[in-house]
Peer 1: 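Structure in structure tokens, see below.
These numbers were taken from a predicted model, which means no experiment stands behind them. Indexing begins at 1, ligand by ligand and atom by atom, following the structure's order.
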Amino acid sequence: MAAPKKSTPKKPTQKGSTQKNSTDIAIIGGGLIGLCSALVLQHAARKITLIEATDIRSPGQGGMNARSIVLSSSSVQIFRALGIWPQLLSRATPIRKIHVSAQGRWGVTRLRAQDYDLDALGYVVDNQTLTQCLLQAVDESPRIKLQLKTEFETIEQRPSVTINYRKNKRLQSLQSQLLLIADGARSKAREALDIPYHSVDYGQSVVISNVRVSDAKPYCAYERFTSQGPLAMLPLGDSVYACVWTLDPDVAGQVSNYSDAEFANALQDSFGYRLGFIDEVGARFSMPLQRTRAKGLHRGRCVLIGNAANALHPVAGQGFNLALRDLACLYELLGERRLEDMNFEEVEKLGKNFENQRLVEQSKVIRFGDGLVTLFSNELPLVDHLRAAGLSLLDLFPALKTQVALAGMGMTYGGNRLLRGRL
Ligand SMILES: Cc1cc2nc3c(=O)[nH]c(=O)nc-3n(C[C@H](O)[C@H](O)[C@H](O)COP(=O)(O)OP(=O)(O)OC[C@H]3O[C@@H](n4cnc5c(N)ncnc54)[C@H](O)[C@@H]3O)c2cc1C
């Protein structure tokens, strides 16, 4: 893993001496984005404290029951910069082709990595592998203090930010120069700061499950638009695919309660036989689909990131990737500045600049995802024809297809140091 590049951390204080509980950067939430934030920002601060409510060390669901995520090229570059990409790459499955189709329609489009001079359009990795890899890097860092089973309760601001949290039933507090809020879509910290948010209920649910197929197509992902919503099949190893199936909420409820055989049959009906027979299915998970967007990305010394800022529809596989690009921007803004020398107004300005620089791309990604959901979920006959035509037109116009592919890979919006794979 890449070693922190700035000054070495302060020596620990002697046993028995009193130490003010303070840090340069505090992060609330040790999900994927909180962990990544700590690993990136340790290169811009002397001390990071990460507060996580649960015990993320206890292994989550693995094997056929694992959840997974698609990493875009921009995310790969960040992991490269952090020195953890070789380890992740050995456990990730590259997507070299994406086959996009609509159920019962003639339109098909294909995206191929080789057309963009790339090894892969994205990489599928299971969340547990990713979490363990990030945790290992966090443990190896002398600058990151991870506090598990620690629940944030309240925030006070000015001049520094004070985070009050509960650990082992004891209320404690921590002072910080900058606070990153990464406690997820239902962020309690966002609420404590009185940052309003906007929610859209898509009226759909997603059912997720891994399936083993009889005729896997190596490194090929499938996105199939059905009348109920998109169905993605992502390669996860040799013959296993991660299925992300968007359905009407009632249907999703029924489908997730199906037996293995009933589920395999229903999925086979919707997806068809492009991958042969579905031979085995893992546990099913279902959740309602909502998009939540905070109305603002900062308040005083506090900055929102990850699902706390934007929880997106999984159709375009962008929530995590977008948040990593947000993080790259924040890192660039911190640059060579020393947080400990920055006053309240300067840190607040940093938050404002972050918001200004990120809102445009965030809006584009949200519109892209919403556009796909609307286009492919509408039952009107005219839309149905346009939808089918849209897919084949996309196949005929390489420039347009390139735009869609590059947006999916997170490569359309220039690059900063981290996005070029450098710290
Ligand atoms: C089905 C599905 C598929 C997806 N696929 C993709 C994909 O392919 N590519 C992609 O880029 N994105 C994808 N996403 C989105 C991606 O999963 C999320 O963007 C990402 O996981 C968000 O991480 P986060 O750390 O911001 O939030 P979370 O994962 O919600 O983590 C928040 C953390 O904060 C902790 N916490 C909460 N409250 C407190 C508190 N009071 N005190 C302390 N800690 C607290 C929680 O315990 C949790 O660990 C997908 C999402 C779904 C639902």
Peer 1: Is there a heavy atom of Thr150 sitting under 4.0 angstrom from any atom of ligand 1?
Peer 2: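 Under 4.0 Å: yes for Thr150.
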
Peer 1: Relative to Tyr222, does Arg274 satisfy both conditions: NZ or CZ under 6.0 angstrom from the six-membered ring centre, and within 45 degrees of the ring's axis?
Peer 2: no

Peer 1: Testing the 3.5 Å rule here: is there a donor-acceptor pair between the side chains of Ser239 and Arg212?
Peer 2: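 The answer is yes; a qualifying pair exists.
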
Peer 1: Looking only at distances, please establish whether an N/O atom of ligand 1 is found under 3.5 Å from an N/O atom of Val206.
Peer 2: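 N/O-N/O distance under 3.5 Å: no.
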
Peer 1: In ligand 1, which numbered atoms sit nearer than 4.0 Å to a non-hydrogen atom of Asn321?
Peer 2: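 Those of ligand 1 that fall under 4.0 Å from Asn321 are 9 (N), 10 (C), 11 (O).
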
Peer 1: Under 4.5 Å between any side-chain heavy atoms of Gln42 and Lys47, yes or no?
Peer 2: no

Peer 1: With side chain to side chain contact (heavy atoms under 4.5 Å, CB included) as the criterion, how do Arg186 and Thr292 come out once you've worked through the C-alpha distance, each side chain's angles and the decisive distance to 0.1 Å?
Peer 2: CA-CA 9 Å; Arg186 293 195 186 136; Thr292 304; over 6 Å; no

Peer 1: Show which atoms of ligand 1 fall inside a sub-4.0 Å distance from at least one heavy-atom site of Leu32.
Peer 2: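 Answer for ligand 1: 25 (O).
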
Peer 1: Looking only at side chains, do Gln87 and Gln136 share a donor and an acceptor under 3.5 Å apart?
Peer 2: yes

Peer 1: At a 4.0 Å threshold, what atoms of ligand 1 neighbour a non-hydrogen atom of Ala182?
Peer 2: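 Listed by number with element, the hits are 32 (C), 33 (C), 34 (O).
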
Peer 1: Which of the atoms in ligand 1, numbered in the order shown and given with their element, are less than 4.0 Å from a heavy-atom of Ile51?
Peer 2: 43 (C), 44 (N)

Peer 1: Select the closest option to atom 28 (P) of ligand 1 among Ser75, Ala185, Gly184, Gly122, judged by heavy-atom distance.
Peer 2: Gly184

Peer 1: Work out whether the distance between some heavy atom of Ala323 and some atom of ligand 1 is less than 4.0 Å.
Peer 2: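 It does not; every heavy atom stays at 4.0 Å or beyond.
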
Peer 1: Do any nitrogen or oxygen atoms of Ile208 come within less than 3.5 Å of a nitrogen or oxygen of ligand 1?
Peer 2: no

Peer 1: Is any side-chain heavy atom of Gln147 less than 4.5 Å from a side-chain heavy atom of Thr49?
Peer 2: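 In short, these two side chains touch, coming nearer than 4.5 Å.
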
Peer 1: Under 4.0 Å between a side-chain nitrogen and a carboxylate oxygen: does that hold for Arg110 and Asp115?
Peer 2: no

Peer 1: When you look for heavy atoms under 4.0 Å from ligand 1, do you find them on the side chain of Gln318, its backbone, both, or neither?
Peer 2: backbone

Peer 1: By the definition side-chain contact (heavy atoms from CB on, under 4.5 Å), identify the one residue from Ile163, Thr23, Val303 that meets it with Leu179.
Peer 2: Ile163

Peer 1: Should you measure from each heavy atom of Phe152, which atoms of ligand 1 turn up under 4.0 Å away?
Peer 2: 40 (C), 41 (N), 42 (N), 43 (C)

Peer 1: Hey, which of Glu191, Glu151, Lys188 is the one that makes side-chain contact (heavy atoms from CB on, under 4.5 Å) with Asp183?
Peer 2: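 That would be Lys188; it is the only one of Glu191, Glu151, Lys188 passing the side-chain contact (heavy atoms from CB on, under 4.5 Å) with Asp183.
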
Peer 1: Using distance alone, with no hydrogens and no angle criterion, decide if Asn321 and Ser75 have a side-chain donor and acceptor under 3.5 Å apart.
Peer 2: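 Yes, because at least one side-chain N or O of Asn321 sits under 3.5 Å from a partner of the opposite role on Ser75.
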
Peer 1: Does the N or O separation between Lys188 and ligand 1 drop below 3.5 Å for any pair?
Peer 2: no

Peer 1: Say whether Ile33, considering both its backbone and side-chain N or O atoms, lies within less than 3.5 Å of an N or O atom on ligand 1.
Peer 2: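 Yes.
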
Peer 1: Identify which of Ser72, Gly30, Ala53 has a heavy atom lying nearest to atom 43 (C) of ligand 1.
Peer 2: Ala53

Peer 1: Rounded to the nearest 0.5 Å, what separates atom CD1 in Ile155 from atom CZ in Arg301?
Peer 2: 13.5 Å

Peer 1: Does a side chain donor of either Asn21 or Gln175 reach within less than 3.5 Å of an acceptor in the other side chain?
Peer 2: no

Peer 1: Return a yes/no value for Ala308: is any of its N or O atoms, backbone included, closer than 3.5 angstrom to an N or O of ligand 1?
Peer 2: no

Peer 1: Does Glu153 have a heavy atom less than 4.0 Å from any atom of ligand 1?
Peer 2: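 No.
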
Peer 1: Give yes or no for whether the N/O distance cutoff of 3.5 Å, strictly under, is met between Asn307 and ligand 1.
Peer 2: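 Among all N and O atoms of Asn307, at least one is under 3.5 Å from an N or O of ligand 1.
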
Peer 1: Output the list of atoms in ligand 1 that are nearer than 4.0 Å to some heavy atom of Met287, sorted by atom number.
Peer 2: 53 (C)

Peer 1: Which atoms of ligand 1 have any heavy atom of Gly306 under 4.0 Å away?
Peer 2: 26 (O)

